[in-house]
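Throughout, residue positions are numbered sequentially from 1 according to the sequence presented. First listed ligand is number 1; within each ligand, the first listed atom is number 1. Scope of the values below: all heavy atoms of this structure, side chains included, with no hydrogens, waters or symmetry mates.
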Amino acid sequence: MSRAKEALYKMLNLLVMIPFVNLKAQREAYRDELNAAEQDVLNSGCYIGGACNSLLEKELAGYCGARHAVTCASGTDAISIALMAFELRPGDEVIVPDFTFIAPAECVFLQGGIPKFADIDPETLQISVDSVKKHITSHTKGIIAVNLFGECAPYRQLKEIAKEHGLWLLEDSAQAFGATQGGQRSCTFGDISITSFYPTKPLGCYGDGGALFTESDSLAERIRLIANHGSRERYRHESCGVNSRLDALQAAVLRVKLRHLDEELVARQRNASIYNDFFARYEGFRPQRISEGNTSTYAQYTLLAQRRPEFLKALQAADIPYCIHYPRPLHEQPCFASVSSDVSNKFVESVCSEVVSIPVCAFTNVESIVERLQKVL
Ligand SMILES: *Cc1c(COP(=O)(O)O)cnc(C)c1O
């Protein structure tokens, strides 16, 4: 960026409220490509599934190095479809992280399964392998691991545990499409892996969308069947399924954004390292630790602030938007009261009272945020 442009950006930033995720700037950057792709779909007469969707599935699978990718209507649907493909039955227990978005526990619960809420590692904030081990009983059928805030969960150990106990492993990579572990891309670590294309996720469309990934031909076939009313052939339904399809318009948007994902991830990682350097100069801040061998998509830049109420006041004073991901453990949610009475997770409780997420997307001017912060910290 030129000096003059940089100065202009800074001025604009002072005048305009910083968005938490700058989707407008992203659209502006890819405007011509997006317009052309969107017009093609609108003029094609094919609005659900179709050629654009098939191409996207190939490109998603190719990007991750997965054998199969199947698109669907949302990340939450993708989890539900995966659970149906694993043939979850009422009373089956599934181990889920206690500290994440509600979807994994909710989908298990809605299908009659019993979510078992595992504690987290206090530094990486990822599901704790020791806690997972403690929750295994004769009723346990599977583990849902979430790649929290864009970083992969500890898959080497989780895969070992799953194998040893004959459990399936579902990778929830809603926040981490494009992340890596040991050089391998996310969405390839579970027996089934899922992602979400909700607009503010690292790879987002302009509405709801999601996808499932698997190495298994038979699981891929079941997934396609379930997502399309249990039907392979028109008006012949082998099993009951759901209607969960991706719009062609969303597929077109995603194909454009996928081409830019790698450069966006580099920008996100650069932004995160600016924050890391900045917060290292102050007492009482601890960014989420990214484990050796992992690269994060930084769906969120999340840090623990020992004196969070003061830090939130400073953010407000500097007009810097923030989110609390997540304010309370899932086991404390009223909807899980019937299955969580005996849960107590030491680390989740304290992390919930310290976490804060601040803007980090590729179109965020993190230098200007840091400048503002410097004045109020
Ligand atoms: C966003 C999210 C989901 C759900 O995705 P939707 O597309 O909004 O249904 C599931 N799991 C996690 C961890 C998420 O962050």
Side-chain angles (χ1 to χ4, degrees), residues 20-21 23 56 60 69-84 94-111 113 115 117-118 120 124-127 142-155 158 169-179 186-187 189-190 192-213 223 227 242-247 250-251 253-254 257 268 288 296-302 323-330 333 335-336 348 351-352 355 357 360-361:
F20 191 71
V21 181
L23 293 174
L56 174 67
L60 290 170
V70 182
T71 56
C72 68
S74 74
T76 306
D77 270 11
I79 297 173
S80 289
I81 293 165
L83 295 175
M84 290 181 217
V94 178
I95 301 168
V96 299
D98 196 12
F99 180 67
T100 186
F101 185 59
I102 191 173
E106 176 186 41
C107 295
V108 168
F109 192 67
L110 273 177
Q111 288 185 37
F117 300 96
I120 54 170
T124 64
L125 314 182
Q126 304 290 351
I127 194 165
I143 303 167
I144 306 182
V146 172
N147 299 336
L148 199 67
F149 305 140
E151 190 207 6
C152 289
Y155 286 107
L158 291 172
L169 178 63
L170 172 56
E171 176 191 7
D172 177 345
S173 196
Q175 304 178 357
F177 187 82
S186 76
C187 294
F189 296 108
I192 300 177
S193 303
I194 69 98
T195 196
S196 161
F197 302 126
Y198 182 78
T200 56
K201 306 279 179 176
L203 179 64
C205 57
Y206 293 148
D208 276 312
L212 301 100
F213 302 83
I223 288 166
V242 294
N243 163 18
S244 187
R245 302 175 292 219
L246 187 71
D247 294 344
Q250 305 303 352
V253 168
L254 287 166
K257 290 204 195 178
R268 281 172 179 272
Q288 175 193 26
S296 177
T297 61
Y298 289 100
Q300 322 288 348
Y301 181 86
T302 302
C323 293
I324 307 291
H325 297 113
Y326 297 88
R328 59 183 64 85
L330 284 175
Q333 294 292 350
C335 59
F336 297 132
V348 178
V351 162
C352 283
V355 273
S357 305
V360 73
C361 86

So do the side chains of Phe189 and Ser173 get within less than 4.5 Å of each other, counting heavy atoms only?
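No, too far: nothing below the 4.5 Å cut-off.
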
Below 4.0 angstrom from a heavy atom of [X], which ligand 1 atoms are there? Numbered from 1 as shown, please.
X      : answer
Val146 : 13 (C)
Lys201 : 1 (C), 2 (C), 3 (C), 14 (C), 15 (O)
Gly75  : 5 (O), 6 (P), 7 (O), 9 (O)
Ala103 : 10 (C)
Thr100 : 13 (C)

Is there a donor-acceptor contact under 3.5 Å linking the side chains of Asp98 and Tyr326?
no

To the nearest 0.5 angstrom, please state how far the OG1 atom of Thr100 sits from the CD1 atom of Ile120.
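So the gap between those two atoms works out to 10.0 Å.
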
Quick one: pull up CD in Gln300 and NZ in Lys201 and give me the separation to the nearest 0.5 Å.
8.0 Å

Where is the tightest heavy-atom contact between [X] and [Y], given as atom of each residue plus distance?
X      : Y      : answer
Ser357 : His325 : OG-ND1, 3.1 Å
Glu151 : Thr124 : OE1-O, 3.9 Å
Thr297 : Gln175 : OG1-O, 2.8 Å

Which segment of Asp77 sits under 4.0 Å of ligand 1 when only heavy atoms are counted
neither

Please work out, at 4.0 Å between heavy atoms, whether the side chain, the backbone, both, or neither of Asp172 comes within that distance of ligand 1.
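Side chain only.
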
Atom 7 (O) of ligand 1: closest protein heavy atom, distance to 0.1 Å, is Ser196 OG, 2.6 Å

What do you reckon, does Thr76 have a nitrogen or oxygen under 3.5 Å from a nitrogen or oxygen of ligand 1?
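The answer is yes, given that Thr76 and ligand 1 share an N or O pair closer than 3.5 Å.
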
Geometric N/O contact Gln175 with ligand 1, under 3.5 angstrom:
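Yes, at least one N or O pair falls under 3.5 Å.
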
